[in-house]
Amino acid sequence: MSEIPQHIEDLFAQLNPQQRAAACHDSGSLLIIAGAGTGKTTTLSHRVAWLISQGIDPSRILLLTFSRRAANEMVRRVDALLRAMGDSREHAASARSRSIWGGTFHSTAARLLRRYGQSIGLPDDFTIIDRSDAEDLMSSLRSELELGNNVAKFPRKGTLVEIYSRCVNTCLKLEPVLERYYPWCLEHVEALKQLFQAFVDRKEQQNILDYDDLLLFWHALSSDPAGGKLLRGQFEAVLVDEYQDTNVLQSGILKNLCPDGAGLTVVGDDAQSIYSFRAATVRNILDFPEEYPGTTVVTLEENYRSTQPILAATNQIIDEAHERYEKKLWSSKIAGEPPILVDCSDNNEQADFVVTQVLEHLEAGIPLNQQAVLFRASHHSLALEVELARRNIAYHKYGGLKFIETAHVKDLMAYLRLAENPRDAVSGLRVLTLLPGIGQKKAQQLLNLLAESGFRFDAWSEFKPPAATVEHWPLFIRLMKNLSSPQSEKKGISSEVHQVRTFYSPLLDQQYDNGPARQRDLEQLEQVASRFSSRMSFLEEITLDPPSSTQDIANDSSKTDDDFLVLSTIHSSKGLEWDAVYVLQAADGSIPSEMSLESNDEIDEERRLFYVALTRAKNWLYVCFPHRQYFQNRRWNQAHSYAQLTRFISSKTLPLFQRRPAFNAEDLDTPEEAQIETTAEDIRKNIRNMWSS
DNA sequence: GTAAAGTGTGTTTTT
DNA sequence: CACACTTTAC
């Protein structure tokens, strides 16, 4: 460690010795094992500030995080540090921190490929498709090639993309992937090969890249002798957050960027690896020291987040994992409430309990935004959402079905994407089949016509539309021509959204129910669009970093400081923390998920997931266990079974919790009104069901 | 031949 | 409730 000037010394004095060692490490490869709540973000931002203070040009620093939000937060903190370091040029400080390359692997890939992709023969005007677009493409190729027709158990489109994606991200061939993860698909190997081949070809023809391609081409670019040199010349320091959730392709990219590890810093926690379904491998972080000999390993174990009673429980839970690397988190916050295991009769009572407890904390001065409800699967929060709506409590839900994935939003984006890239037949097919009277076949003919004309929408004027299409057809052509005219760009992207909306609104009302609500979504999208300078950047941002909740979109610009409760999947809660945390559905089958019981590896990952959920809590932790589980099945409407407590609260863990029922007996007869209301509803439901088939 | 309406089945997590 | 597949309508 080199000598530290006094004014910088002061800034780093607030770090603990391990954090400080990490932040001020020299340029050799560095692995920071950062347990939950150990000040990872602080350490990483100090490290970036340190590197800059050592004379590294910020534009030659690459900071890879798992979301753009995390990247922005990091840059903000670096900025603050640079100012505090007394950079004489105040403005210079923020300009410098802004020039840092920050973002996700995927968004960074897009940026780099637009700049340098041509050197490996990739056009710079590609458009990017998301997961469901990839599924649509896969599905239309499947029917085009007539694969899997009349064949039992041919994988569905979602599974097809999953298999394909896993092959790409693990860098494995099809057969081993099938054997390991999809053995029931082995009989279709040949069909799959043919299909995936066509999938690759088609994406090339259409000048589109999917999520996997972004990594794949970045990897290819970095492997190329010339391309690799270019990228290595671009970056002097590379820092990676959440390294436990990277995959083989991503670690390969890093290896190409920093072959001997010089300038490379990775941060993560093997106990929080929860993305193996996305081909992330915990081996990346575990084997890092062998991959880069001479690596300095720093372990952060002092937890600044949770109270000791909460840590005692979470430490015990992670201790029981099959494979793990020893570290023991400790906290100086000795005193505190024990975590509470709440017995609920069913998920309605669970919802009731959460709302009651949330309000109690609110009255005691804990704002809603310092409280969060976490769950394994998006639908686990349904009953709670109903209750929150009924009692007028504001909430934001993260994870699950995103705003951007709803059909009407996808429709609108497809018009814009087709205008941006007329070769994009996925979007073409989508917008054409929206027109009444046009289905798969006619749409395909029209797309062929478009291709033959050199992708000029004029070509469609020759088409004789069927009766149902007549009134829409000329308007549609005019819309597409307007959007693709050079003048359109000048008027701004939100004017384009407006034009699309004008054309599409009547179709929307016809196509879907709940029209007004959907129309409102599109109005919001128009608002959002006004913040973007070009159609390309709008499309790219929206596909690579979609707003994670519908409410975010509404509030983003106006920054309403309305207080709201956070509802989130555990996956989306990564890296965050709240004063009070409520975990729903701590029952076997939900946590761990029924779907992930095949192997010890899968169960271990579910355990880590539970661990991640619990370690989000600072002061209060409630784990809810609804005893009775209802079946959603239409046929067995009223059926239920009695669940088991999640296996992750073992006999050794249980004593670390305080166990109590959701409501005490005396509480139960107080809210009489509500009591009678629900009872009546139950009776009606039962009566109705007596006559339903 | 093609589009649209109808029927039966299975539900995680996300860049 | 969306998906794959089937039947009916144009």
Side-chain angles (χ1 to χ4, degrees), chain A residues 64-70 103-110 128-132 134-136 139 142-143 148-162 165 168-169 209-215 242 245-247 249-250 273-280 374-380 382 398-402 404-407 432-433 435-445 466-469 510-513 540 542-546 548 568-574 585 589-597 602 605-606 608-610 612-613 631-635:
Chain A
L64 294 162
T65 56
F66 64 97
S67 72
R68 193 187 44 179
R69 194 163 109 240
T104 60
F105 270 89
H106 291 86
S107 66
T108 305
I128 300 164
I129 61 171
D130 69 13
R131 172 63 184 264
S132 71
E135 288 180 5
D136 288 347
S139 167
R142 195 197 119 155
S143 53
N149 290 348
N150 310 319
V151 180
K153 290 193 297 178
F154 196 80
R156 34 171 71 197
K157 61 177 182 178
T159 316
L160 291 168
V161 174
E162 223 175 83
S165 189
V168 172
N169 285 293
L209 300 186
D210 62 19
Y211 289 149
D212 303 328
D213 290 330
L214 289 169
L215 297 184
E242 306 284 0
D245 286 323
T246 54
N247 62 39
L249 203 46
Q250 290 164 322
S273 138
I274 53 175
Y275 276 93
S276 73
F277 70 92
R278 233 168 66 183
L374 306 181
F375 35 85
R376 169 74 242 257
S378 185
H379 66 260
H380 289 158
L382 254 40
Y398 297 89
L401 185 72
K402 285 181 189 143
I404 207 67
E405 287 159 9
T406 54
L432 284 167
T433 48
L435 296 162
I438 296 193
Q440 294 275 326
K441 291 282 153 132
K442 287 213 175 64
Q444 197 51 60
Q445 289 166 18
T469 322
Q510 250 179 304
Q511 192 97 3
Y512 311 103
D513 44 35
E540 184 167 307
I542 291 284
T543 31
L544 288 184
D545 193 18
S548 36
S568 174
T569 58
I570 300 174
H571 282 94
S572 297
S573 75
K574 186 164 84 161
Q585 297 288 136
S590 296
I591 308 177
S593 162
E594 200 102 56
M595 326 287 296
S596 306
L597 301 174
E602 281 184 342
E605 177 147 323
E606 295 287 308
R608 294 191 294 267
L609 202 52
F610 190 53
V612 167
F631 294 111
Q632 290 251 303
N633 203 308
R634 207 179 334 154
R635 277 210 185 92

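Residue numbering restarts at 1 for every chain, and letters A, B, ... go by the order of the sequence lines.
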**Study point:** Euclidean distance, atom CE of residue A:Met595 to atom C1' of B:dT14 [Å, nearest integer]
**Key:** 16 Å

Check your understanding: Can a side chain N or O of A:Ser107 be found less than 4.0 Å away from OP1 or OP2 on B:dT15?
Key -> no

Check your understanding: Which part of the nucleic acid, if any, lies within contact of A:Tyr275, taking any heavy atom under 4.0 Å across all strands shown: a base, the sugar-phosphate backbone alone, or nothing?
Key -> sugar-phosphate

Review point. Between B:dT13, B:dA3, B:dT15, which nucleotide gets closest to the side-chain atoms of A:Arg131?
Key: B:dT15

Study note, to complete from the structure: When A:Phe66 and A:Ala468 are each assigned the nearest nucleotide of DNA chain B, the 5'-most assignment goes to A:Ala468

Check your understanding: Between A:Ser378 and B:dT12, does any side-chain N or O lie under 4.0 Å from OP1 or OP2?
Key -> no

Exercise for review: Tell me what A:Pro436 touches on the nucleic acid: a base, only sugar-phosphate, or nothing, going by heavy atoms under 4.0 Å.
Suggested key: sugar-phosphate

Revision key, fill the gap. Base-paired stretches in DNA chain B with three or more consecutive Watson-Crick or G-U pairs, both distances under 3.5 Å, amount to B:1-10 with C:1-10

Review point. Is the backbone N or O of A:Ser273 less than 3.5 Å from a side-chain atom of A:Arg608, with the two atoms forming a donor-acceptor pair by type?
Key: yes

Review point. Which of the following nucleotides, B:dA3, C:dA4, B:dT12, is nearest to the side chain of A:Arg156?
Key: C:dA4

Check your understanding: Atom CG of A:Leu544 and atom C1' of B:dT15: how far apart are they, to the nearest Å?
Key -> 8 Å

Review point. Counting any heavy atom closer than 4.0 Å, what does A:Gln440 reach on the DNA or RNA strands: base, sugar-phosphate only, or nothing?
Key: sugar-phosphate

Check your understanding: Rounded to whole angstroms, how far apart are CD1 on A:Ile404 and C1' on B:dT14?
Key -> 15 Å

Review point. How is A:Gly437 classified with respect to the nucleic acid when contacts are heavy atoms under 4.0 Å: base, sugar-phosphate, or nothing?
Key: sugar-phosphate

Review point. Contact class for A:Ser596 vs. all strands (heavy atom < 4.0 Å): base, sugar-phosphate, or nothing?
Key: base

Check your understanding: Out of B:dT12, B:dT13, B:dT15, which has the shortest distance to the side chain of A:His571?
Key -> B:dT13

Review point. Base, sugar-phosphate, or nothing: which does A:Arg142 touch, judged by heavy atoms less than 4.0 Å apart?
Key: sugar-phosphate

Check your understanding: Does one side chain, of A:Ser165 or A:Asp212, offer a donor that lies under 3.5 Å from an acceptor on the other?
Key -> yes

Practice item. Answer yes or no: is there a donor N or O on one side and an acceptor on the other, between the side chain of A:Ser572 and the main chain of A:Tyr398, under 3.5 Å? Key: no

Point to revise | Selected nucleotide, minimal atom distance to A:Ala377 side chain, candidates B:dT15, B:dT12, C:dC3 | key: B:dT12

**Study point:** A:Glu135 side, atom CD; A:Glu162 side, atom CD - distance, nearest 0.5 Å
**Key:** 8.5 Å

Exercise for review: Check A:Glu606, A:Glu605, A:Glu594 against A:Arg376 for a salt bridge (Lys or Arg N to Asp or Glu O under 4.0 Å) and give me the one that passes.
Suggested key: A:Glu606

Point to revise | Euclidean distance, atom CZ of residue A:Phe375 to atom P of B:dT14 [Å, nearest integer] | key: 9 Å

Check your understanding: Rounded to whole angstrom units, what separation is found between the CD atom of A:Glu405 and the C1' atom of B:dT12?
Key -> 13 Å

Exercise for review: Please check if the side chain of A:Ser568 supplies one atom and the backbone of A:Ile570 the other of a donor-acceptor pair under 3.5 Å.
Suggested key: no

Practice item. Report the residues that fulfil ring pair (Phe, Tyr, Trp, His ring centres under 6.0 Å) with A:Tyr275, sequence neighbours left out, ordered by chain and then residue number. Key: A:Phe277, A:His571

Revision key, fill the gap. Taken to the nearest whole Å, CD/A:Glu135 to C1'/C:dC3 is 11 Å

Review point. Is it true that a side-chain atom of A:Ser107 and a backbone atom of A:Thr104 form a donor plus acceptor pair closer than 3.5 Å?
Key: yes

**Study point:** For atom CG of A:Asp545 and atom C1' of B:dT14, their distance in whole Å
**Key:** 12 Å

Point to revise | d(CG, A:Leu374; C1', B:dT13) in whole Å | key: 13 Å

Check your understanding: With a 4.0 Å cut-off, would you call A:Asp245 and A:Arg278 a salt bridge?
Key -> no

**Study point:** Sugar-phosphate only, base, or nothing, as touched by A:Arg278 at under 4.0 Å among non-hydrogen atoms
**Key:** base

**Study point:** Near-parallel close stack of A:Phe277 and B:dT13 base (under 5.5 Å, under 30°)
**Key:** yes

Exercise for review: Assign A:Ile438 to base, sugar-phosphate, or nothing according to its heavy-atom contacts below 4.0 angstrom with the strands shown.
Suggested key: sugar-phosphate

Check your understanding: Taking the nucleotide of DNA chain B with the closest heavy atom to each, which residue, A:Thr433 or A:Glu602, is nearer the 5' end?
Key -> A:Thr433

